Q: 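What follows is a single structure, and I will ask about it in a moment.
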Amino acid sequence: MTRLTFLGAAGTVTGSKHLVEHGGSRVLVDCGLFQGLKALRLMNWADPPIDPRTLDAVLLTHAHIDHSGYLPRLVRDGFRGLAWSTDATRELCGLLLPDSGHLQEEDAAYANRKGFSKHHPALPLYTEADAELALKRLRAVKFGEALDLGEGASARFTHAGHILGAASVRLEVGGTSILFSGDLGRYDDLLMRDPADAPAADVVVMESTYGGRLHPDDDPGDELAAIIARTAGRGGSVLIPAFAVGRAQLLLHVIAQLKVRGAIPDVPVFLNSPMAVDTTALYRRFSKGHRLDETQLRAMSGVATMVRGVEESKALVRIDYPSVIVSASGMATGGRVLHHLKALGPDPRNTIALVGFQAPGTRGADLVAGKRTLRIHGADHPIRAEVASIDGLSAHGDADDLVRWARSMPRPPRRAYLVHGEPDARGALAARLRSELGWTVALPEQGEAVELG
């Protein structure tokens, strides 16, 4: 009997962890951190939902922290098997995971200095050293290559779009095939390749982040151009919180094209995220994973001043002339963008431009909802800047994209389980899959286990 247990991203968007068991074999697909609401973040601190010592393998669909960020904790607590991903995902995890550990150490140290933590002393969930140890257990596999996991289990990775290296994973164990969509990208995306057609499988575990929404038909570049123009016109700067992997590079590409067209004022652009700077360089190494040609790659890399050092970052916070600042993190949950929010948020000349999904409980979601005071580093900070949202720059496929991917399967699965989405989004996508494709669809809850036969 094969059992599937949903240990994360069931009824919420983050914390992806799906355990597949058959006989004595245990494979974990994705190993992500919960993000957003405090109740979710606290789940990262609970005892591991499975004894890490009993796991045989971990398969990562892509590098984003809500899919990979728990791996250092898993290794620290006893996982001694191998984790597998595509080449680009492994490279990106080499940037993301140590950075995640470093940020958590920094946050704990800052909380201890300022005394605003309820814990004495405040401790990181894991350290940069823990992340480096975890990376030693991560191996790469090529797209389309069969991966033998032992005990009769095998896996194969196919392109999912979304970000560099992102994959859907088809796991075969005990005579049952299970297809994990991972996060699916958009068709005809500005930056990334289309998702590959979905292979046949008995069971599908499918994301539903934008399951109830369609991306607007309006050109997001036009929206961004209007924001930059009106902000510069009043002497202000545009701050764009952006994920260092994927979103930052898409923004640089769009801004570069706008500058070529003369669609925006010639204000300086800064990328203030060492990880985003390093990620941008990877687009040349993994050129088959995206749409950009050499000319576009040069324009994307050259449009912004790349800010790495701490002193450079501090100086950037103090600038008082119109500019565009792209800085991580994308939902304003941590990182250098918080210092920019404190500096730029109180001035009505400035604009905070939010792009993509903002998970409930994040500062980004608070800004979208109209909140005008943000709690940052233990203090309340006023937000008088304009707050703008640009929906068309998401790296996630919308409802039509998700249905299109599902329709590409050679035959319907016996059952589909929708994960990685808020309840409304999951419900909306389930209704479409049932009515348009005739699928049998279930909406699993956190911790639920199902027998697959």
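Because the structure is a prediction, the values reported are computed rather than measured.
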Q: Decide, yes or no, whether a salt bridge links R404 with D398 under the criterion of side-chain N to carboxylate O below 4.0 Å.
A: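 No salt bridge links R404 with D398.
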Q: Less than 4.0 Å between a side-chain N and a carboxylate O, is that true for E132 and K136?
A: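 Looking at E132 together with K136, the answer is no, because their closest N to O distance does not fall below 4.0 Å.
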Q: Do you know which two heavy atoms are closest between W405 and P195, and how far apart they sit?
A: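 Closest approach of W405 to P195, heavy atoms only: CD1-CB, 4.1 Å.
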Q: Judged by atom type as modelled, is there a donor-acceptor pair below 3.5 Å linking the side chain of R291 to the main-chain atoms of L190?
A: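 Checking the backbone N and O of L190 against the side chain of R291, no donor-acceptor pair under 3.5 Å is found.
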Q: Between R363 (side chain) and A332 (backbone), is there a donor-acceptor pair under 3.5 Å?
A: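 Checking the backbone N and O of A332 against the side chain of R363, a donor-acceptor pair under 3.5 Å is found.
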Q: H62 vs H67 aromatic rings, parallel, tilted or perpendicular, using cut-offs 30° and 60°?
A: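 Because their plane-to-plane angle lies in the 30° to 60° range, the rings of H62 and H67 count as tilted.
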Q: Closer than 3.5 angstrom, by distance alone: can the side chain of D130 be matched with the main-chain N or O of T127 as a donor-acceptor pair?
A: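 Such a contact is found between D130 side chain and T127 backbone.
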Q: Nearest 0.5 Å, please: how far is OG1 in T14 from NE2 in H420?
A: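 Rounded to the nearest 0.5 Å, the NE2-OG1 separation comes out at 7.0 Å.
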Q: Would you give the length of the straight line joining atom NE2 of H64 to atom CG of L92, rounded to the nearest 0.5 angstrom?
A: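 Rounded to the nearest 0.5 Å, the NE2-CG separation comes to 8.5 Å.
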Q: Calculate, to the nearest 0.5 Å, the distance between atoms CZ and CD belonging to R26 and E21 respectively.
A: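 Atom-to-atom, R26:CZ and E21:CD are 4.0 Å apart.
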Q: Backbone N or O of V254 within a donor-acceptor pair of the Q257 side chain at under 3.5 Å?
A: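 No; zero donor-acceptor contacts below 3.5 Å.
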Q: Are S177 and D202 close enough that a side-chain donor and a side-chain acceptor fall under 3.5 Å?
A: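 The criterion, which ignores hydrogens and geometry beyond distance, is satisfied for D202 and S177.
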Q: Quick one: does D30's side chain have a donor or acceptor within less than 3.5 Å of a partner on S16's backbone?
A: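 The answer is no, because no donor-acceptor pair under 3.5 Å joins these two groups.
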Q: Would you tell me whether T333 and T362 have side-chain atoms, one donor and one acceptor, within less than 3.5 Å of each other?
A: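 Their side chains do not contain a donor-acceptor pair, so the 3.5 Å distance test is not met.
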Q: Strictly distance-based, threshold 3.5 Å: is any side-chain N or O of N44 a donor or acceptor partner for the main-chain N or O of R41?
A: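 Side chain of N44 to backbone of R41, a donor-acceptor pair under 3.5 Å: yes, one is there.
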Q: Which pair of heavy atoms, one from G392 and one from P216, lies closest together, and at what distance?
A: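 Reported closest heavy-atom pair: N-CG, 4.1 Å.
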Q: Tell me the closest heavy-atom pair linking P98 and C93, and the distance in Å.
A: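 Minimum heavy-atom contact is CD-O, 3.4 Å.
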Q: Looking at every non-hydrogen atom in both residues, tell me the closest pair between Q358 and G364 and how far apart they are.
A: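 For Q358 and G364, the tightest heavy-atom pair comes out as OE1-CA, 3.2 Å.
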Q: Considering all heavy atoms of both residues, which atom of I178 and which atom of V173 are nearest to each other, and what is their separation?
A: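 Smallest heavy-atom distance, with atoms named: CD1-CG1, 4.4 Å.
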Q: Quick one: pull up CD in Q104 and CG in D99 and give me the separation to the nearest 0.5 Å.
A: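 Between atom CD of Q104 and atom CG of D99 there are 10.0 Å.
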Q: Is there a donor-acceptor pair closer than 3.5 Å between any side-chain N or O of K259 and the backbone N or O of V267?
A: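 Side chain of K259 to backbone of V267, a donor-acceptor pair under 3.5 Å: yes, one is there.
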Q: Quick check: H377 with H339 (ring centres under 6.0 Å apart)?
A: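 Yes.
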Q: For R3, is the CZ atom crowded, meaning more than 12 foreign heavy atoms sit under 6.0 Å from it?
A: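 No.
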Q: Donor-acceptor pair, distance only, cut-off 3.5 Å: does the side chain of S181 make one with the backbone of E207?
A: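 At least one qualifying donor-acceptor pair exists.
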Q: Looking at L133, is its backbone amide N or carbonyl O close enough to the side chain of R76 to form a donor-acceptor pair, meaning the two atoms are under 3.5 Å apart?
A: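 Flag not set: sc R76 to bb L133 has no pair under 3.5 Å.
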Q: H253 and Q249: side-chain donor and acceptor closer than 3.5 Å?
A: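 No, Q249 and H253 have no side-chain donor paired with an acceptor closer than 3.5 Å.
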Q: Could you verify whether a donor N or O on one side chain and an acceptor N or O on the other, from S208 and R426, lie under 3.5 Å apart?
A: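 Result is no, nothing qualifies.
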Q: Mind checking the CG-CZ spacing from L147 to R139? Nearest 0.5 Å is all I need.
A: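 L147 atom CG to R139 atom CZ measures 12.0 Å (nearest 0.5 Å).
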Q: I need the L292 CG to R298 CZ distance, nearest 0.5 Å.
A: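 Going from the CG atom of L292 to the CZ atom of R298 covers 12.0 Å.
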